[in-house]
Amino acid sequence: MVVGEVAERFDVAVIGAGPGGYTAAIRCAQAGRSVVLIERGSIGGTCLNVGCIPSKVLIHAAELAYRANTSDGTGVAISATIDAEQMRAHRHSVVDGLTSGVSHLLDNAGVVRWQGTAHFARRNRIVVEAGEGSPRHVEFTDAIIATGSRPVELDGLAFDHPLITDSTGALELDHIPADLAIVGAGYIGVELGTAYAKLGSRVTIIEAADRVLPLMDKRQSSLVARRMKELGVTVKTSSLASRLEGEQLVITSGESSEKVAFDLIVVAVGRRPNTEGLGLGVVGAQLTESGHIRVDAARRASDHIYAIGDVTAGPALAHKATAEAAVAAASIAGQPAAFDPAAIPEVVFCDPELVSVGLSAASAAAAGIEVNTFRFPFSAGSRSATLDDRNGFVTLLADTQGTIVGAQMAGAGVSELAGEVAHAIEMASTIDELADTIHPHPTMSEAIMEAALGLAGRPLHVTRG
Ligand code: FAD
């Protein structure tokens, strides 16, 4: 006779199979633990299915279309035709390829996968519900919460209205909307708005702050605003999109308000951590004021319970989730571990691409840290000339001891340069170490060396920063 539910036993239960959860599951399995990974949606989470990956596929395709229209002067004439249905199929095939790769990795590591929605029933027990069948129970020694985040919904612009969608809906389109409104000029809104403008949509971006990308450096956001203007994007800053009246969006700016009709309105005003219904109280996990799960340096939320990724505070980025996963797994394996990065690179895949790593002049000033800066413009770079795109710069910051503490960049492909500066900051590299590292010519990465040379007082291809 069995009284109560029979639970299956695992050393580690991971809730959520995004970049945080699947990495944590693999790391724990590699450390010899039996692991169950519970996911209510698809392996890969937000990033692989409806975030980083499909958005970058869309942006790449939009860039190809845009290049076709702007290749004049290179001696090459390209004409682009856009098949939005095929573009969507291509996004799906890239996503499918990557998610099935992750599934193979999980299988190879011996991670057991359960489909369903999980919540804590007791300190060491999770219940997993999937559709009609009886719920399954798992008993664990350690659990990792990696439930991610979801788009914030605005009162008055609910996602269930046919004219309104979120970033997921915007990435699922099989047509190019003629008139597209994007509410929110954070990185997701700007990336989507730029891509659809390049594909031919008339895009209007509505932002409450007084500039696009308000969290990025002002020089960076003004370069993006300028390019948006060139692309024909209407940017309404210091403006609020409040509600629909009939089929029209009400946009208010100060005292004035207007009603504008759009084919589609994408609301991209931030993301909210997925903490509801998890039974966090049962395991003694607490929330911060921002609604994220409170964790210590080892990403421990309470005894034997860890939380990582978007569900915890900090930048909601895939690489932050992955790095935290390694810390939580190491801690579970009994190794000393702390999440204490010197810098988490932030990239906006807009036009030009933007990177911010470590301190900026503004954040250094706010923190009372004295820094020296040098800006190398791509107008002085040779690779940018060969690529026919001289827009942008690399600004490098060093503290008064000469240690590299930050960088802001704008330009074609600068996303690929973020790792070098992150490494330099993490290793506490000095100005001279960066300046005297031979960088290949002609590459965009030379701009980092040039900026370091400037900081060292020996600028080469510019006279001053
Ligand atoms: P998620 O990836 O959100 O995964 C959480 C998983 O948990 C989900 O699959 C969810 O279904 C599951 N889950 C939730 N609750 C439960 C439950 N109770 N039971 C079972 N399963 C549950 N980041 C970058 O670094 N670079 C980018 O270029 C980038 N672009 C983005 C573009 C867009 C449009 C969006 C929306 C996001 C983008 N991000 C990007 C952010 C990135 O996707 C997230 O930071 C990342 O996915 C967070 O990983 P995570 O593991 O914490 O959570």
Side-chain angles (χ1 to χ4, degrees), residues 13-25 36-60 91 95 99 102 113-121 126-130 135-136 138 143-152 165-172 182 184 186-193 195 266-280 292-293 295 299 306-325 328 344-350 353-355 415 418:
V14 182
I15 308 176
Y22 81 68
T23 304
V36 62
L37 175 63
I38 307 153
E39 170 58 55
R40 67 182 176 194
S42 305
I43 293 291
T46 304
C47 177
L48 269 72
N49 294 287
V50 295
C52 328
I53 299 306
S55 64
K56 269 77 242 179
V57 179
L58 176 80
I59 288 164
H60 175 64
R91 287 198 290 280
V95 167
T99 53
V102 171
R113 287 187 267 143
W114 285 11
Q115 183 76 33
T117 302
H119 70 267
F120 293 100
I126 288 171
V127 177
V128 182
E129 316 212 35
R136 296 172 83 177
V138 54
I144 301 177
I145 306 166
T147 48
S149 62
R150 64 183 184 282
V152 169
T165 192
D166 58 9
S167 56
T168 301
L171 290 168
E172 262 306 296
I182 309 264
Y187 86 89
I188 292 176
V190 165
E191 286 185 2
L192 290 171
V266 178
V267 177
V269 292
R271 296 183 62 85
R272 189 186 297 287
N274 289 327
T275 55
E276 298 82 358
L278 281 172
L280 294 177
H292 295 90
I293 298 179
V295 286
R299 307 291 94 174
Y306 294 76
I308 57 173
D310 283 12
V311 79
T312 61
L317 294 169
H319 41 282
K320 179 225 175 210
T322 308
E324 288 177 302
I344 301 175
E346 298 188 22
V347 177
V348 187
F349 293 82
C350 54
E353 286 185 353
L354 303 182
V355 166
S415 54

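Atoms within each ligand, like the ligands themselves, are counted from 1 in listed order.
- Taking atom 42 (C) of ligand 1 as the reference point, the nearest protein heavy-atom neighbour is Cys52 SG, 3.8 Å.
- Contact analysis leaves Ala268 out of contact with ligand 1, as no non-hydrogen atom separation drops below 4.0 angstrom.
- Proximity of Thr99 to Asn49: side-chain heavy atoms (C-beta onward) are separated by under 4.5 Å at one or more points.
- Using a 4.5 Å heavy-atom cutoff, the side chains of Ile308 and Thr322 are not in contact.
- Under a 4.0 Å criterion applied to the non-hydrogen atoms of Gly148, ligand 1 contributes the atoms 1 (P), 3 (O), 5 (C), 52 (O), 53 (O).
- Of all protein heavy atoms, the one closest to atom 13 (N) of ligand 1 is Arg40 NE, 3.7 Å.
- Not one N or O of Ala321 is nearer than 3.5 Å to an N or O of ligand 1, by distance alone.
- Protein heavy atom at the shortest distance from atom 19 (N) of ligand 1 is Ala118 N, 2.9 Å.
- Residue Leu171 has no nitrogen or oxygen atom sitting less than 3.5 Å from a nitrogen or oxygen atom of ligand 1, judged on distance alone.
- Atom-to-atom distance recorded for Lys320:NZ and Ile344:CD1 is 6.5 Å, nearest 0.5 angstrom.
- Using a 4.5 Å heavy-atom threshold, the side chains of Glu353 and Val348 count as separate.
- Among the atoms of Ile188, none of the N or O lies under 3.5 angstrom from an N or O of ligand 1.
- Polar contact with ligand 1: present for Lys56 (N/O pair, distance under 3.5 Å).
- Heavy atoms of Ser149 found under 4.0 angstrom from ligand 1 belong exclusively to the backbone.
- Contact of the Val267 side chain with the Asp166 side chain is not registered, since no non-hydrogen atoms from C-beta on lie closer than 4.5 Å.
- At a heavy-atom distance under 4.0 Å, only backbone atoms of Ala146 (N, CA, C or O) approach ligand 1.
- No side-chain heavy atom of Thr147 sits less than 4.5 Å from a side-chain heavy atom of Thr275.
- Within ligand 1, the atoms closer than 4.0 Å to a non-hydrogen atom of Arg271 are 36 (C), numbered from 1 in the order shown.
- Any N or O atom pair closer than 3.5 Å counts here, and Glu39 shares at least one such pair with ligand 1.
- Side-chain contact between Thr312 and Glu324 is present, with at least one heavy-atom pair separated by less than 4.5 Å.
- Both the backbone and the side chain of Asp310 come within 4.0 Å of ligand 1, counting heavy atoms alone.
- Closest non-hydrogen pair, Gly309 versus Ala321, comes out as CA-CB, 3.6 Å.
- No part of Val347 comes within 4.0 Å of ligand 1, judged by heavy-atom distances.
- Salt bridge annotation for Arg150-Glu276: present, with a cationic side-chain nitrogen under 4.0 angstrom from a carboxylate oxygen.
- By the side-chain hydrogen bond (donor to acceptor under 3.5 Å, both in side chains) test, Thr23 pairs with no residue at all, sequence neighbours left out.
- The atoms of ligand 1 that sit less than 4.0 Å from any heavy atom of Leu317 are 23 (N), 24 (C), 25 (O), 45 (O).
- The protein heavy-atom contact nearest to atom 4 (O) of ligand 1 is Gly18 CA, 3.5 Å.
- With a 4.0 Å heavy-atom cut-off, ligand 1 is reached by the side chain of Leu278 but not by its N, CA, C or O.
- With Ala130, Ser167, Pro345, Gly51 as candidates, the residue nearest to atom 33 (C) of ligand 1 on a non-hydrogen basis is Gly51.
- Not one N or O of Asn274 is nearer than 3.5 Å to an N or O of ligand 1, by distance alone.
- Each of the following atoms of ligand 1 lies closer than 4.0 Å to a heavy atom of Gly20: 51 (O).
- Atoms of ligand 1 found under 4.0 Å from any heavy atom of Ile38 (numbered from 1 in listed order, with element): 20 (C), 21 (N).
- Under a 4.0 Å criterion applied to the non-hydrogen atoms of Gly16, ligand 1 contributes the atoms 6 (C), 7 (O), 12 (C).
- When the options Thr46, Thr322, Thr147 are ranked by their closest heavy atom to atom 2 (O) of ligand 1, first place goes to Thr46.
- Of the candidates Pro19, Ala318, Gly45, Ser55, the one placing a heavy atom closest to atom 50 (P) of ligand 1 is Pro19.
- When only modelled atom types and interatomic distance are considered, Ser149 and Asp310 share a side-chain donor-acceptor pair under 3.5 Å.
- Distance CD1/Ile144 to CZ/Arg299: 12.5 Å, rounded to 0.5 Å.
- By the 3.5 Å distance cut-off applied to N or O atoms, Thr117 is not counted among the residues near ligand 1.
- Heavy-atom contacts of Ile15 reach the following atoms of ligand 1: 17 (C), 19 (N), 20 (C) (cutoff under 4.0 Å).
- For the atom pair OG of Ser55 and OH of Tyr187, the computed distance is 7.5 Å after rounding to the nearest 0.5 Å.
- An N or O contact shorter than 3.5 Å is missing between Gly309 and ligand 1 by distance.
- In terms of N/O distances under 3.5 Å, ligand 1 is approached by Cys47.
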Mind running side chain to side chain contact (heavy atoms under 4.5 Å, CB included) on Leu278 and Ile145 for me, showing each step along the way? CA-CA 9 Å; Leu278 281 172; Ile145 306 166; 3.9 Å; yes

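- If you check each of Trp114, Tyr187, Phe349 against atom 38 (C) of ligand 1, the one with the closest non-hydrogen atom is Tyr187.
- Interface atoms of ligand 1 facing Ala316, defined by a heavy-atom separation under 4.0 Å, are 41 (C), 45 (O).
- By the 4.0 Å N-to-carboxylate-O rule, Glu191 lies close enough to Lys56 to be salt-bridged with it.
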Going through the checks in order, is the side chain to side chain contact (heavy atoms under 4.5 Å, CB included) test met by Ile53 and Arg91? CA-CA 8 Å; Ile53 299 306; Arg91 287 198 290 280; over 6 Å; no

Walk me through whether Ile15 and Phe120 qualify under side chain to side chain contact (heavy atoms under 4.5 Å, CB included). CA-CA 10 Å; Ile15 308 176; Phe120 293 100; 3.9 Å; yes

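- When heavy-atom distances to ligand 1 are checked against a 4.0 Å cut-off, Lys320 has no atom that comes that close, whether in backbone or side chain.
- No side-chain N or O of Thr117 forms a donor-acceptor pair with one of Arg40 less than 3.5 Å apart.
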